[in-house]
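Just so we're on the same page: letters track the sequence lines, and every chain starts at 1.
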Amino acid sequence: LPARFDWRDKKFVTPVRNQLSCGGCWAFSIVGGIESAYAIKGNLLEELSVQQVIDCSYEDHGCNGGSTISALHWLNKTRVKLARASEYKFKAQTGICHYFPSSDFGVSIRDYKAYNFSGAEEQMMMQLINLGPLAVTVDAVSWQDYLGGIIQHHCSSGEANHAVLITGFDTTGDIPYWIVQNSWGTTWGIDGYVYIKIGENVCGIADTVSAALV
Amino acid sequence: SLGSLELQRRERFFQESIQRHVYLNSPVLSHENNSAIYGINQFSDLSPEEFKAIYLQSKAVKLPEYVKTSTKEAV
């Protein structure tokens with residue numbers, strides 16, 4: 001494993017988004033992962049529609065909540081093509097699911113991986129390099145007040161309530177940490193990112209880890 | 001508007017957030033290098049309940065533990 005790795009350095013990560021007052025973090029995290037996986041495959045890095053997942057993933061509850069795993073399950077089962085974000089715009093509220101002609105541009109997934117990596121964060125680092133950015137769930141109660149630095153305390157494993165996207169890791173300093181993209185805009189945290197200590201399943205970051213294959 | 005009940009509520013939540021910051025930044029737990037810093041941000045005028053209701057809406061799912069099946073898969 002390299003001491004530091006970040007998919008942003010390779011220009012395979014789309015910019016930080018803002019979910020506003022929509023509880024659609026679960027959709028933001030998996031769409032971010034699909035965008036990166038699509039670009040890593042040799043395609044153009046494009047922003048895909050989070051709103052489409054919010055509106056159409058019928059096992060979830062749109063802006064009232066959902067799960068990264070059920071959304072990936074839906075995408076995998078239906079082979080729905082995610083439209084460009086510019087064509088199916090984010091409205092910060094749940095809407096009616098729109099359908100597009102099959103000839104239109106879209107990105108579908110061919111499979112996904114989802115595991116619990118607690119106690120195996122080194123393996124998780126390897127999966128990040130192999131598969132691309134990882135959608136994960138965390139306990140983010142204390143993130144209401146986060147400004148910066150590496151989170152090492154004040155959150156629990158096994159109490160996930162938020163979904164985010166791991167884009168990299170850094171083990172060059174005293175405290176190794178995950179580099180995590182959030183969906184609360186760039187004014188939150190470190191330009192929209194948060195750092196979480198590696199190795200102790202801090203905030204439950206290794207409990208529910210998933211990645212789409214495109 | 002100035003003096004409204006809503007403004008008073010927001011001011012109270014803001015003051016409570018400052019109390020939280022004192023606890024979260026307490027030297028007992030934040031003596032390590034590069035430890036997280038907590039303070040005023042765009043969520044400081046929300047109550048913790050409001051924050052959870054709006055922003056923490058991911059449902060938990062239990063997944064199988066990762067087992068490294070083969071070197072080939074890892075590569």
Side-chain angles (χ1 to χ4, degrees), chain A residues 19 21-26 29 60-61 63-70 114-120 123-124 126-127 130 137-154 158-163 173-175 177 184-185 187-189 194-195 204 207-210, chain B residues 6-75:
Chain A
Q19 67 184 79
S21 56
C22 167
C25 57
W26 53 279
S29 66
D60 297 296
H61 302 96
C63 284
N64 293 323
S67 132
T68 52
I69 306 305
S70 62
Y115 290 107
N116 177 339
F117 279 92
S118 54
Q123 296 297 322
M124 191 170 144
M126 198 176 282
Q127 293 301 316
N130 288 340
T137 62
V138 287
D139 168 25
V141 169
S142 67
W143 296 18
Q144 178 174 3
D145 304 297
Y146 177 78
L147 293 182
I150 305 168
I151 294 183
Q152 301 166 54
H153 309 286
H154 305 308
E159 294 180 27
N161 44 43
H162 186 46
D174 294 342
I175 312 286
Y177 61 88
W184 294 343
T187 56
W188 180 87
V194 50
Y195 298 157
D207 284 338
T208 306
V209 181
S210 60
Chain B
E6 182 59 19
L7 184 64
Q8 286 173 28
R9 248 165 53 89
R10 296 295 151 201
E11 281 177 344
R12 182 162 54 84
F13 295 149
F14 185 80
Q15 294 298 332
E16 287 169 3
S17 82
I18 291 169
Q19 297 301 312
R20 284 200 309 273
H21 305 158
V22 171
Y23 165 72
L24 292 167
N25 290 322
S26 70
V28 176
L29 291 175
S30 57
H31 64 280
E32 295 103 334
N33 288 342
N34 305 312
S35 204
I37 301 163
Y38 300 88
I40 296 164
N41 65 14
Q42 68 263 49
F43 302 129
S44 297
D45 65 346
L46 295 178
S47 71
E49 292 73 29
E50 284 175 324
F51 178 73
K52 280 181 207 169
I54 299 168
Y55 296 100
L56 305 184
Q57 290 293 337
S58 178
K59 311 291 182 233
V61 173
K62 288 267 181 218
L63 291 176
E65 281 186 23
Y66 177 78
V67 180
K68 191 178 162 189
T69 50
S70 68
T71 311
K72 191 179 167 191
E73 187 187 337
V75 169

Side-chain donor-acceptor contacts of residues 51-64 of chain B below 3.5 Å, not counting sequence neighbours, with atom names and distances?
unit_1, atom_1, unit_2, atom_2, d
B:Gln57, OE1, B:Lys59, NZ, 3.4
B:Gln57, NE2, B:Ala53, O, 2.6

### Task
Would you mind telling me which of A:Val138, A:Val141, A:Asp145 has the largest number of heavy-atom pairs within less than 4.5 Å of chain B?
A:Asp145
### 4.5 Å side-chain heavy-atom contact, B:Tyr66 and A:Met124
no
#### Entry: Shortest non-hydrogen separation from A:Trp188 to B:Gln42 and the atoms involved
CB-NE2, 3.4 Å
### Query
Contact part of B:Leu46 toward chain A, heavy-atom cut-off under 4.5 Å: side chain, backbone, both or neither?
both
### Query
Sequence neighbours excluded, which residues qualify as side-chain contact (heavy atoms from CB on, under 4.5 Å) partners of B:Gln15?
B:Ile18
#### Entry: Separation of B:Asn41 CG from A:Trp184 CH2 (nearest 0.5 Å)
9.0 Å
### Summary
In terms of heavy-atom contacts, A:Gln144 and B:Phe43 come closest through NE2-O, 3.1 Å
#### Entry: Residue part contacting chain B, namely of A:Ile69, when any heavy atom lies under 4.5 Å
side chain
### Query
Stepwise, does the side chain to side chain contact (heavy atoms under 4.5 Å, CB included) test hold for A:His154 with B:Tyr38?
CA-CA 11 Å; A:His154 305 308; B:Tyr38 300 88; 4.0 Å; yes
### Task
Among the options A:Tyr146, A:Tyr195, A:Trp26, pick out the one with the most heavy-atom pairs lying under 4.5 Å from chain B.
A:Tyr146
### Message
For A:His61, I'd like to know if atom NE2 has over 12 heavy atoms of other residues, nucleotides or ligands within 6.0 Å.
### Response
no
#### Entry: Toward chain B, the part of A:Asp139 with a non-hydrogen atom under 4.5 Å
neither
### Query
Based on non-hydrogen pairs under 4.5 Å, which of A:Thr137, A:Asp60, A:Asp207, A:Asn64 is most in contact with chain B?
A:Asn64
## Note on the structure
The interface call for A:Val209 against chain B, heavy-atom contacts under 4.5 Å, is backbone
#### Entry: Spacing of CD1 belonging to A:Ile151 relative to CG belonging to B:Leu24, to within rounding of 0.5 Å
9.5 Å
